[in-house]
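Note that the structure is predicted; figures quoted are calculated from it, not measured. First listed ligand is number 1; within each ligand, the first listed atom is number 1. As a basis for the values below, the full set of heavy atoms in this structure was taken, side chains included, without hydrogen atoms, waters or symmetry mates.
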Amino acid sequence: MDHFLYRNGTLHAEDVAIPAIAEAVGTPFYVYSAATLTRHWRLFDEALSPLPHLVCFAVKSNSNLAVLRLLGSLGAGMDVVSGGEYRRALAAGVPGDRIVFSGVGKTADEMRLALTHGIRQFNVESEPELLALSAVAASMGATAPITLRVNPDVDAKTHEKISTGKSENKFGIPIAKARAVYALAASLPGIEVVGVDVHIGSQLTDLAPFAEAYAKVADLTRILRADGHDIRRLDLGGGLGIPYTRSNEVPPLPSDYGAMVKRVVGDLGCEIVIEPGRLISGNAGLLVSSVIYLKQGEGRDFLILDAAMNDLVRPAMYGAHHDIVPVVEPEPGTETAPQDVVGPVCETGDTFAKARALPALAAGALVAFRSAGAYGAVMASEYNTRPLIPEVLVQGDQFAVIRARPTFDEILSRDTIPEWL
Ligand code: LLP
């Protein structure tokens, strides 16, 4: 469920009409609903109760400070994968002890940063990383709480570019090697083992791969405890998928996911950490764009928008589907025709949808891409020197620009021409 509905024939974000935002900030822009973000975070929080737990928002899915502040104020933790994301979480007011640090390539500088300002745990993904973290922590006289991310060799049955739990993927420590690496961790200075971590992929629409991976983690936990490790926390990663179309089958709900977690690992007495991103922010955001031209091509029509692949790269990168809807609600029975929806960037990959059934739209008409709140703005670039587009947050009847569109002067001033040229 989200809070982007037609009212009196116009698409709204909560109580704000989309055209009012377009008028104020210009198109294209992202708009997020505070009510939807709040609802989705709470669904996970309730789904894991009464187990001791922390729902850490995957900052990579939407890292705007206002979004992090909103979720942080509900009690959310944050899952970060870089020093930059860690700084964002802190800047949004989330304390270090609610931040978990994931990622295969943490640098010594990033480790030092997190140890200085506080960290709930590092999710360590390799022996070299473990040794580096031990050296950094010991040199600071600090202790780094860690889990080891294990690779359970489970097929998440999702898009190959976002599947992470198979042995051929770069992520985690092979589960068969985990015992030996835990023994190493226990022997190292500056390291405190607190748990086990797993994350098998993103946009999963079936609970079975999760259950299979978590069962392996439960078995491993029992073995590690027998080896003398105090395993008191399980980080089960993120990855629960969202419906990208109104018509296709509905992925499991957070409540179904929570019931499965309780069934598979609930008896271990561990604190449960999860790292959802997409399910919290995905359907909490729209990308709003204007039609520039309708162009009649050879046997097909092109709807040319002012948004492009640099603003929302998911269709070009993953062949991802986003529903595209007119902001002015079509009258019932309005005829549609297949249209290729494209942006102005100079490559054919800049195609949002092929032969999408849409009503006739005039130049200047507004359209909205649904499900664009996750992996939208964060993956944007300034390719073709197209400025990063603004982000807007709506709460009830108020809205605010939470990231402004840069001016061309700001963009150009980031480059420097050496004086010897
Ligand atoms: N935890 C870890 C360690 C992750 O690698 C990820 C996502 C998450 C949590 C959050 O997963 P989520 O709940 O959002 O599925 N750019 C791609 C998605 C990449 C996901 C990468 N890792 C896309 O646009 O579909």
Side-chain angles (χ1 to χ4, degrees), residues 30 37 40-41 43-44 47 54-63 67 71 76-82 85-86 89 99-106 120-126 129 147-152 156-166 169-173 196-207 209-210 213 234-244 251-254 257 261 272-285 287 309 311-322 352 369 371-381:
Y30 280 100
L37 289 162
H40 289 166
W41 185 83
L43 286 177
F44 274 116
L54 183 65
V55 180
C56 290
F57 176 60
V59 172
K60 66 169 78 66
S61 71
N62 187 319
S63 60
V67 170
L71 294 170
M78 298 288 152
D79 166 47
V80 304
V81 292
S82 69
E85 286 190 354
Y86 178 86
I99 304 175
V100 300
F101 206 139
S102 302
V104 289
K106 301 173 201 79
R120 190 175 198 83
Q121 85 215 20
F122 292 92
N123 294 328
V124 173
E125 298 218 17
S126 65
E129 184 194 338
T147 70
L148 293 184
R149 175 170 175 180
V150 293
N151 185 323
K157 299 196 173 63
T158 180
H159 191 287
E160 58 161 334
K161 287 192 183 169
I162 54 177
S163 188
T164 57
K166 287 284 288 171
N169 301 133
K170 69 181 174 185
F171 299 97
I173 291 162
V196 182
D197 171 48
V198 71
H199 171 79
I200 58 172
S202 191
Q203 186 52 21
L204 273 74
T205 51
D206 181 7
L207 290 181
F210 285 121
L234 301 182
D235 183 332
L236 302 176
L240 193 57
I242 62 173
Y244 273 98
L253 300 171
Y257 174 85
V261 167
I272 305 297
V273 171
I274 55 170
E275 306 168 350
R278 192 190 311 264
L279 203 142
I280 293 176
S281 58
N283 280 328
L287 166 62
M309 63 187 288
D311 304 309
L312 177 67
V313 77
R314 302 192 68 259
M317 193 157 170
Y318 312 113
H321 174 101
H322 285 263
F352 290 120
F369 290 75
S371 315
Y375 307 109
V378 285
M379 294 180 76
S381 75

Candidates His159, His199, Arg278; heavy atom nearest atom 18 (C) of ligand 1 found on Arg278

Gly237 near ligand 1 by a heavy-atom separation under 4.0 Å: no

For atom 5 (O) of ligand 1, which of Glu125, Lys60, Lys161 has the closest heavy atom? Lys60

Mind listing the closest non-hydrogen atom pair of Phe369 and His322 along with its distance? CD2-CB, 4.1 Å

Any nitrogen or oxygen of Gly277 lying under 3.5 Å from a nitrogen or oxygen in ligand 1? Just yes or no. yes

Where do Gly237 and Asp197 come nearest, in terms of heavy atoms and distance? N-OD1, 4.4 Å

When you measure from atom 16 (N) of ligand 1 to every protein heavy atom, which one gives the shortest distance, and what is it? Tyr318 OH, 2.8 Å

Is any side-chain heavy atom of Leu71 closer than 4.5 Å to a side-chain heavy atom of Met78? yes

What's the shortest distance from atom 24 (O) of ligand 1 to any protein heavy atom, and which residue and atom give it? Arg314 NE, 2.6 Å

Do me a favour and list the nearest non-hydrogen protein atom to atom 1 (N) of ligand 1 with residue, atom name and distance? Glu275 OE1, 2.6 Å

Give the atom numbers and elements of ligand 1 that come within less than 4.0 Å of a heavy atom of Arg149. 3 (C)

If you scan protein heavy atoms around atom 15 (O) of ligand 1, the nearest is Ser202 OG, 2.4 Å

